[in-house]
Protein chains: 2
Amino acid sequence: MEKFVIIVAGGKGLRFNSQVPKQFLELDHKPVLMHSLEAFYTYQADIHLIVVLPADQVNYWVQLCEKYQFPIRHQLVIGGDERYYSVKNGLDLVPINCLVAVHDGVRPLVDQTTIDNCFSMAATEGNAIPVVDLTDSVRELQADGNSLHVDRQKYKLIQTPQVFESTRLKEAYKQGYSSHFTDDASVYESLWPGTIKIVEGNRQNIKITKHEDLIHAESIIRYRRNKV
Amino acid sequence: MEKFVIIVAGGKGLRFNSQVPKQFLELDHKPVLMHSLEAFYTYQADIHLIVVLPADQVNYWVQLCEKYQFPIRHQLVIGGDERYYSVKNGLDLVPINCLVAVHDGVRPLVDQTTIDNCFSMAATEGNAIPVVDLTDSVRELQADGNSLHVDRQKYKLIQTPQVFESTRLKEAYKQGYSSHFTDDASVYESLWPGTIKIVEGNRQNIKITKHEDLIHAESIIRYRRNKV
């Protein structure tokens with residue numbers, strides 16, 4: 001099946017006085033978002049890439065692509081107010097009967113094994129999302145304000161790319177928006193409960209939401225280089 | 001109330017061919033474990049510190065203290081096969097009617113606010129454990145092999161130091177060992193359900209269990225320096 005990737009790059013706008021969104025910050029000599037795109041081009045050179053950006057960030061991104069001599073082989077789509085609408089807008093460009101991955105633009109360190117795990121499982125099972133173990137103990141907050149120790153082995157942390165057979169994901173996105181839709185798997189399982197398939201992700205596939213995450217990402221890149 | 005700290009340094013032994021336990025690896029010019037101790041000495045210079053080590057690591061640690069000219073103002077206790085027994089051995093040196101913090105030796109980056117949050121809350125409420133929010137989505141594995149999206153805001157990641165009124169923690173540690181005891185709060189609440197108090201921890205208070213965590217810790221130290 002043909003493969004599409006929707007890369008969702010949200011973040012704050014570029015208005016006066018606001019900070020540069022994390023996807024545009026430089027990581028190892030180029031913007032975070034370019035790393036995310038390259039991970040998928042490395043996986044398959046002719047993969048269909050769709051980048052969803054807020055309207056007021058499109059020009060800036062195009063300028064960045066020029067500055068870093070990054071060829072624009074991807075389609076650009078304008079995002080919505082919520083991640084849900086951004087993905088939905090990206091999905092409009094995806095045909096039925098193919099595989100579509102939805103990936104956070106601020107996860108530049110997804111590794112090739114994770115991408116392959118997701119596409120391979122989704123090709124046979126209809127969907128796949130990458131997960132990693134929790135490394136700390138976990139407590140669940142109770143309604144009465146107390147908290148309860150829970151078995152952390154029963155929980156998994158969810159990453160992206162989340163990959164789906166496109167006909168079904170497009171169908172799932174016909175549901176109206178709900179604040180419970182925090183990722184694509186939750187949109188999908190709202191229509192088809194109990195059908196989400198999990199595969200092994202990679203711990204280094206962190207989401208860059210704070211400046212210190214960028215420092216962490218840099219350290220991971222150095223670590224990978226020294227290991228090779 | 002007087003304050004005691006039990007620092008639990010487990011890890012693999014120092015036998016032939018095994019790797020050096022993470023608490024002894026160098027982080028910013030000194031072993032990880034020294035950072036953990038210094039965090040508490042910085043909080044209160046005359047705090048009572050008890051370090052629990054596997055029997056075959058004691059000599060190595062004493063040699064490290066000499067090498068790095070790190071004054072041994074702490075008591076040394078031999079640990080057991082499980083973390084539970086290590087803490088129990090440390091608790092034998094702690095009097096009743098004081099506050100006792102139990103801290104992972106491989107969490108060198110605990111900040112002063114976290115330590116103070118824990119001791120302050122425990123002084124009035126009898127216990128306190130530091131928690132941080134989950135930054136990724138979470139799924140709960142079901143008995144049937146499926147997984148279910150859960151509201152991540154209902155869950156907290158647990159760190160150390162976990163601080164308790166010592167009479168009660170010693171009492172809790174009179175219970176026999178259970179594999180469900182993954183931290184001190186779980187031992188404590190097994191006797192007194194629903195009584196654990198949570199306070200804000202710090203995200204950078206990571207547990208160093210893999211080599212890449214050490215690289216991460218170094219990046220956090222650099223980040224802190226540049227911020228100042």
Side-chain angles (χ1 to χ4, degrees), chain A residues 129 131-132 134-160 162 180-183 185-190 193-198 201 203-207 209-220 222-224 226-227, chain B residues 129 131-132 134-160 162 180-183 185-190 193-198 201 203-207 209-220 222-224 226-227:
Chain A
I129 65 172
V131 305
V132 290
L134 286 150
T135 53
D136 285 315
S137 290
V138 187
R139 297 183 78 82
E140 186 181 352
L141 303 180
Q142 307 293 301
D144 60 7
N146 286 317
S147 63
L148 198 71
H149 174 80
V150 294
D151 179 7
R152 74 166 177 231
Q153 298 190 319
K154 280 176 59 187
Y155 297 87
K156 296 282 184 182
L157 293 177
I158 309 305
Q159 306 181 328
T160 70
Q162 303 191 349
H180 296 109
F181 294 159
T182 56
D183 64 354
S186 57
V187 178
Y188 187 93
E189 78 178 348
S190 165
T195 57
I196 294 293
K197 304 296 171 191
I198 61 177
R203 256 186 100 189
Q204 300 173 338
N205 183 15
I206 58 168
K207 198 169 174 176
T209 54
K210 298 188 179 183
H211 184 66
E212 61 186 275
D213 300 327
L214 198 67
I215 310 290
H216 185 191
E218 275 165 5
S219 77
I220 292 171
R222 267 196 310 277
Y223 172 73
R224 286 180 175 178
N226 293 335
K227 246 179 78 179
Chain B
I129 65 172
V131 305
V132 290
L134 286 150
T135 53
D136 286 315
S137 289
V138 188
R139 296 184 78 82
E140 186 182 352
L141 304 179
Q142 308 292 302
D144 61 8
N146 286 319
S147 64
L148 197 70
H149 175 79
V150 294
D151 178 6
R152 74 166 177 230
Q153 297 189 321
K154 280 176 60 184
Y155 297 87
K156 296 282 183 181
L157 294 177
I158 309 305
Q159 307 182 329
T160 70
Q162 301 190 350
H180 296 108
F181 293 159
T182 56
D183 64 356
S186 57
V187 178
Y188 187 93
E189 79 177 347
S190 164
T195 57
I196 294 293
K197 304 296 171 191
I198 61 177
R203 254 186 102 189
Q204 301 173 338
N205 182 14
I206 60 169
K207 198 169 173 175
T209 55
K210 299 188 177 182
H211 182 66
E212 60 188 274
D213 301 327
L214 197 66
I215 310 291
H216 185 189
E218 275 165 7
S219 79
I220 293 170
R222 264 197 312 276
Y223 171 72
R224 286 180 175 178
N226 291 337
K227 245 180 73 182

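In what follows, chains carry the letters A, B, and so on, assigned in the order in which the sequence lines appear, proteins first and then strands, with residues in each chain numbered from 1.
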Review point. So which part of A:L214 gets closer than 4.5 Å to some heavy atom of chain B, the side chain, the backbone, both or neither?
Key: neither
Check your understanding: Sequence neighbours excluded, which residues qualify as side chain to side chain contact (heavy atoms under 4.5 Å, CB included) partners of A:S186?
Key -> A:F181, A:T182, A:D183, B:H149
**Study point:** Any residue meeting side chain to side chain contact (heavy atoms under 4.5 Å, CB included) with B:V138, in chain and number order, not counting sequence neighbours
**Key:** A:Y155, A:L157, B:L134, B:V150, B:R152
So, taking the atom named [atom1] in [X] and the one named [atom2] in [Y], what distance separates them when rounded to the nearest 0.5 Å?
{"X": "B:R203", "Y": "A:D213", "atom1": "CZ", "atom2": "CG", "result": "4.5 Å"}
{"X": "B:I215", "Y": "A:Q204", "atom1": "CD1", "atom2": "CD", "result": "10.5 Å"}
{"X": "B:S147", "Y": "A:I158", "atom1": "OG", "atom2": "CD1", "result": "6.5 Å"}
{"X": "B:D136", "Y": "A:K156", "atom1": "CG", "atom2": "NZ", "result": "13.5 Å"}
{"X": "A:L148", "Y": "B:K154", "atom1": "CG", "atom2": "NZ", "result": "11.0 Å"}
{"X": "B:L141", "Y": "A:Q153", "atom1": "CG", "atom2": "CD", "result": "10.0 Å"}

Practice item. In plain terms, say whether A:R139 and B:E189 are close enough for a salt bridge, that is, a side-chain N and a carboxylate O under 4.0 Å apart. Key: yes
Practice item. Decide yes or no for A:H211 and B:Y223: does some side-chain heavy atom of the first lie under 4.5 Å from some side-chain heavy atom of the second? Key: yes
**Study point:** B:E212 side chain reached by A:I220 side chain, heavy atoms, under 4.5 Å
**Key:** no
